[in-house]
K.L.:
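Got a structure here, written out as structure tokens. Questions coming.
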Amino acid sequence: MTSPVLDLAGIGVGPFHLSLAAHLDAIPAAKAHFFDDKPAFDWHPGMMLEGVELQTSFMKDLVTATLPTSPWTFASYLVSQKRFYEFLNADFDAIPRREFARYLAWVAGNLDNLRFGRPVREVRFEDGLFHIRLDDDACMARNLSLGVGLKPNIPAWGQVAHGQSCFHTSEAAYRLEGLKGRRIVVVGGGQSGAEIMQHLLSRPEAASQSIAWISRRQNFQTLDDSPFTDEFFTPHYVERFHALPHSRRQATVAQQKLAGDGISASTLRAIYQKSYALRHLSADEHDLAFMPHREVLDLRCEGGEFRLVMRNGFDGSVEMASADAIVLATGYVFTVPEFLAPLADRLDLDERGLYRLRDDFSVEWDGPASARIFALNAGRHSHGIAEPQLSLMAWRSAVIVNALLGRRHFDLSPRPSAMRWTADAAPALSQAALQQPQARG
Ligand SMILES: Cc1cc2nc3c(=O)[nH]c(=O)nc-3n(C[C@H](O)[C@H](O)[C@H](O)COP(=O)(O)OP(=O)(O)OC[C@H]3O[C@@H](n4cnc5c(N)ncnc54)[C@H](O)[C@@H]3O)c2cc1C
Ligand SMILES: NC(=O)c1ccc[n+]([C@@H]2O[C@H](COP(=O)([O-])OP(=O)(O)OC[C@H]3O[C@@H](n4cnc5c(N)ncnc54)[C@H](OP(=O)(O)O)[C@@H]3O)[C@@H](O)[C@H]2O)c1
């Protein structure tokens, strides 16, 4: 053991733990280290394609919502890069994802509680402490935080074919170049699938290439980011959602899919306009197919080509499609990380193998109450659709800091909201008015 006992050991440094690390940076008394397996901070590099945009306001950065005086705001980054005015003059509707990734990397490069190139191999709990084993090192901590993100979802039918010509979107930036001039099928109707389509249709060879886009959803559906839907991405809503019974939460979150996983309207418009140009304004032969409401059931490799078997949810038929390459835009899934194997029997998982999370993002387990395991991006079922998104990362960090310190370091008490998700949310005055209607004079 080379270091003193930490108050918190964080595993993984994506945006969510970066936010927590930025909050803890302002509290020197709390000793925390965050370990990441990558050599340096890099935000989803496999999907950093030309022209992709952030789906979230840049105001919802690592810290502004809870600690606006922090040196780690997006505005501080702009000032440090000497492009504050130019950024504002550019008047982006949605900022380039590359810009936000550079902001995140800038913060990561300046915090001294992060350790890169340090994969965590195993976590044990002995003598009241977490023992974290790295490759050539180890450390001990009173509390643990899991920020390892989600894993690419490669459906069972895609696993055999997975390789050079059948790959997940998380590898797209490294593999798409090799696919020029071939028949490509993109499977998945979320934002990742849309960005792959936008990229493929932007290449000069698009005019002579066969490209098909399959979505299991009924159509290529837009992200709902209208004002009332965005109320799902507020602490006020998350607190009430968490208080619901388990079964009610599941039904609610399923209905809200397009608020988190729909496609940005600007991306859909760009794809449609590129399709229009190819079909009507290009002299070349094109072969472009949009195939909504298809679920891929099977994938076979026959005579050097892929054969996809699909169920058409529109007319109920079973269809086939052929391809030389398949891009799996099939999203991401939660898994309990392997390094937690020594604690596997002690975690209280639900029937689907998901953590049971308390309102402060700590996992139910049979260890002492003083030794907490926080889990970020692992509670869509418990905290709602905001959980895998950037929107509330600063607030969640502040909730975790308060729990870690055991006191209200951040004042997170909300202002009364006009949104009455439950009767208890109504201010006392309105409650009284409801109970005792005044006679009209
Ligand atoms: C392409 C893409 C774009 C997105 N854009 C948006 C957006 O615009 N707006 C929005 O709200 N949401 C967006 N999201 C959703 C979400 O905000 C991101 O996925 C975000 O990166 C999640 O952050 P995270 O910290 O949980 O995980 P990640 O960013 O996945 O980071 C996890 C880190 O943990 C490391 N790690 C894993 N295991 C170990 C280990 N054993 N030891 C050490 N390190 C480990 C990984 O290498 C990684 O660096 C996007 C998602 C994707 C895929
Ligand atoms: N620029 C950005 O801001 C950006 C870029 C990429 C991703 N993101 C975010 O990251 C998250 C993940 O996005 P994502 O697009 O990777 O994943 P996603 O939203 O989960 O989409 C995965 C898609 O694959 C479909 N699918 C899964 N199995 C299938 C099968 N067998 N046959 C046909 N279709 C199948 C799903 O259908 P169902 O819907 O029916 O399950 C869904 O349409 C989202 O929140 C997204 O907004 C943001």
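We number each residue from 1, following the sequence as shown. Ligands are counted one by one from 1 in listed order, and the atoms in each one are counted from 1 as well. For clarity, every value in this text was computed on a predicted model and none was experimentally measured.
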K.L.:
Among protein heavy atoms, which lies nearest atom 34 (N) of ligand 2, and at what distance?
P.N.:
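For atom 34 (N) of ligand 2, the nearest protein heavy atom is Arg216 CB, 3.4 Å.
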K.L.:
Can you tell which of Val296, Ile196, Ile263 gets a heavy atom nearest to atom 32 (N) of ligand 2?
P.N.:
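Selected option, by shortest heavy-atom distance: Val296.
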K.L.:
Side chain to side chain contact (heavy atoms under 4.5 Å, CB included), that's the test. Do Cys139 and Leu6 meet it? Break it down for me.
P.N.:
CA-CA 8 Å; Cys139 72; Leu6 300 167; 3.9 Å; yes
K.L.:
Before you tell me yes or no, could you show the steps for Phe410 and His23 under ring-ring contact (aromatic ring centres under 6.0 Å, His included), namely the whole-Å CA-CA distance, both residues' side-chain angles and the distance that decides it to 0.1 Å?
P.N.:
CA-CA 10 Å; Phe410 291 101; His23 281 76; 5.4 Å; yes
K.L.:
Would you mind running through ligand 2 and noting each atom that sits below 4.0 Å from a heavy atom of Tyr332?
P.N.:
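Numbered from 1, ligand 2 contributes 16 (O).
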K.L.:
Which heavy atom of the protein is the closest neighbour of atom 46 (C) of ligand 2, given with residue, atom name and distance?
P.N.:
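Answer for atom 46 (C) of ligand 2: Gln55 OE1, 3.8 Å.
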K.L.:
Taking distance alone, with N or O pairs closer than 3.5 Å, would you say Thr169 contacts ligand 2?
P.N.:
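No, Thr169 has no N/O under 3.5 Å of an N/O on ligand 2.
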K.L.:
Flag Gly260 as yes when one of its N or O atoms lies below 3.5 Å from any N or O atom of ligand 2, and as no otherwise.
P.N.:
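Yes: some nitrogen or oxygen of Gly260 is under 3.5 Å from one in ligand 2.
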K.L.:
Side-chain polar contacts of residues 37-48 - donor-acceptor pairs under 3.5 angstrom, sequence neighbours left out - could you list them?
P.N.:
residue : atom : partner : partner atom : Å
Lys38   : NZ   : Asp42   : O            : 3.3

K.L.:
Among all protein heavy atoms, pick the one closest to atom 44 (C) of ligand 2 and tell me residue, atom and distance.
P.N.:
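The closest one turns out to be Asp261 OD1, 3.2 Å.
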K.L.:
Using a heavy-atom cut-off of under 4.0 Å, does the side chain or the backbone of Met310 touch ligand 2, or both, or neither?
P.N.:
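Within the 4.0 Å criterion, Met310 makes no contact with ligand 2.
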K.L.:
Going by heavy-atom distance to atom 13 (O) of ligand 2, choose the closest among Gly189, Gly190, Ser192.
P.N.:
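Looking at heavy atoms only, the winner is Ser192.
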K.L.:
Is there a side-chain contact between Leu8 and Ile400 in this structure, where contact means two heavy atoms from C-beta onward sitting under 4.5 Å apart?
P.N.:
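The answer is no; the side chains never approach within 4.5 Å.
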K.L.:
Starting from atom 42 (C) of ligand 2, locate the nearest protein heavy atom and write down its residue, its atom name and how far away it is, to 0.1 Å.
P.N.:
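In this structure, atom 42 (C) of ligand 2 has Arg217 NH2, 3.6 Å as its nearest protein heavy atom.
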K.L.:
Between Glu295 and ligand 2, is there a nitrogen or oxygen pair with a distance under 3.5 Å?
P.N.:
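No - when backbone and side-chain N and O of Glu295 are compared with those of ligand 2, no distance drops under 3.5 Å.
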K.L.:
Are Arg396 and Phe16 in a cation-pi setup, meaning NZ or CZ lies under 6.0 angstrom from the ring centre and within 45 degrees of the ring axis?
P.N.:
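Because its charged atom sits under 6.0 Å from the ring centre and within 45° of the axis, Arg396 does stack over Phe16.
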K.L.:
Considering only protein heavy atoms, which is closest to atom 22 (C) of ligand 2, and at what distance to one decimal place?
P.N.:
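That would be Ala329 O, 3.3 Å.
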K.L.:
How close does the nearest protein non-hydrogen atom get to atom 25 (C) of ligand 2, and which residue and atom is it?
P.N.:
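Among all protein heavy atoms, the one nearest atom 25 (C) of ligand 2 is Gly188 CA, 3.8 Å.
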K.L.:
Who are the residue neighbours of ligand 1 when the rule is a heavy atom under 4.0 Å from any of its atoms?
P.N.:
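Residues near ligand 1: Ile11, Gly12, Val13, Gly14, Pro15, Phe16, Phe35, Asp36, Asp37, Lys38, Trp43, His44, Met47, Leu54, Gln55, Thr56, Arg97, Arg118, Pro119, Val120, Gly147, Val148, Gly149, Tyr332, Phe339, Asn377, Pro388, Gln389, Leu390.
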K.L.:
Considering the heavy atoms of Glu195, write down every atom of ligand 2 situated less than 4.0 Å from one of them.
P.N.:
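Result: 1 (N), 2 (C), 4 (C), 5 (C).
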K.L.:
Residues in side chain to side chain donor-acceptor pair (under 3.5 Å) with Tyr237, at least two apart?
P.N.:
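If we apply the side chain to side chain donor-acceptor pair (under 3.5 Å) test to Tyr237, skipping adjacent residues, the hits are Gln256.
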K.L.:
Has His44 got any heavy atom lying under 4.0 angstrom from an atom of ligand 2?
P.N.:
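Checking ligand 2 against His44, which is what was asked, there is no heavy-atom contact under 4.0 Å.
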K.L.:
Using the salt bridge (charged side-chain N to carboxylate O under 4.0 Å, His left out) rule, collect all pairs that involve residues 56-77, keeping only residues at least two apart or in two chains.
P.N.:
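Applying salt bridge (charged side-chain N to carboxylate O under 4.0 Å, His left out) to every pair that reaches into residues 56-77, excluding sequence neighbours, yields nothing.
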K.L.:
Going by the atom numbers of ligand 2, which of them fall below 4.0 Å from some non-hydrogen atom of Gln389?
P.N.:
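Under 4.0 Å from Gln389, ligand 2 has these atoms: 45 (O).
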K.L.:
Does Ser362 use its side chain to pair, donor to acceptor, with the backbone of Arg358 at less than 3.5 Å?
P.N.:
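Not at all, since once roles are kept as given, no pair shorter than 3.5 Å links the two residues.
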K.L.:
What is the ring orientation for Phe35 with His33, classed by angle as parallel under 30°, tilted 30 to 60°, or perpendicular over 60°?
P.N.:
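Judged by the thresholds at 30° and 60°, the geometry between Phe35 and His33 is perpendicular.
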K.L.:
Are the aromatic ring centres of Phe58 and Phe87 under 6.0 angstrom apart?
P.N.:
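That pair passes the under 6.0 Å test.
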K.L.:
Applying a 4.0 Å heavy-atom criterion (strictly less than), which segment of Val52 is in contact with ligand 2: side chain, backbone, both, or neither?
P.N.:
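For Val52, there is no contact with ligand 2 at all, from either part.
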K.L.:
Near Gly331, which atoms of ligand 2 are under 4.0 Å from a heavy atom of that residue?
P.N.:
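With Gly331 as reference, the close atoms of ligand 2 come out as 16 (O), 17 (O), 20 (O), 22 (C).
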K.L.:
At under 4.0 Å between heavy atoms, is it the side chain or the backbone of Val187 that contacts ligand 2, or both, or neither?
P.N.:
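Side chain only; the backbone of Val187 stays clear of ligand 2.
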K.L.:
Can you pull out the closest protein heavy atom to atom 38 (P) of ligand 2? Residue, atom name and distance to 0.1 Å, please.
P.N.:
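Minimum-distance protein heavy atom for atom 38 (P) of ligand 2 reads Lys257 NZ, 3.3 Å.
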K.L.:
Test Phe92 against Glu99 for side chain to side chain contact (heavy atoms under 4.5 Å, CB included), laying out the working first.
P.N.:
CA-CA 11 Å; Phe92 293 108; Glu99 179 76 294; 5.7 Å; no
K.L.:
When you measure from atom 4 (C) of ligand 2 to every protein heavy atom, which one gives the shortest distance, and what is it?
P.N.:
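Of every protein heavy atom, Gln191 CG, 3.4 Å lies nearest to atom 4 (C) of ligand 2.
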K.L.:
Does a side-chain N-to-carboxylate-O contact under 4.0 Å join Glu295 and Arg216?
P.N.:
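Yes.
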K.L.:
Less than 4.5 Å apart, side chain to side chain, heavy atoms only: is that true for His246 and Arg356?
P.N.:
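Heavy-atom side-chain distance check fails, nothing below 4.5 Å.
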K.L.:
Counting heavy atoms only, which part of Arg294 comes closer than 4.0 Å to ligand 2: side chain, backbone, both or neither?
P.N.:
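It is the backbone that gets close, since no side chain atom is under 4.0 Å.
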K.L.:
So, Phe374 versus Phe361, ring centres under 6.0 angstrom or not?
P.N.:
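When the ring centroids of Phe374 and Phe361 are compared, they turn out to be at least 6.0 Å apart.
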K.L.:
Could you walk me through whether Tyr332 and His168 pass the ring-ring contact (aromatic ring centres under 6.0 Å, His included) check?
P.N.:
CA-CA 10 Å; Tyr332 294 80; His168 187 261; 5.1 Å; yes
K.L.:
Parallel, tilted or perpendicular for Phe220 and Phe290, by the 30°/60° rule?
P.N.:
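Aromatic pair Phe220/Phe290 classed perpendicular.
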K.L.:
Does some non-hydrogen atom of Pro388 fall short of 4.0 Å from ligand 2?
P.N.:
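No heavy atom of Pro388 comes that close to ligand 2.
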K.L.:
I'd like to know if Arg121 pairs up with Glu338 as an ion pair, taking the criterion as any Lys NZ or Arg NE/NH1/NH2 lying under 4.0 Å from an Asp or Glu carboxylate oxygen.
P.N.:
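Not counted as a salt bridge, because no side-chain N and carboxylate O are separated by less than 4.0 Å.
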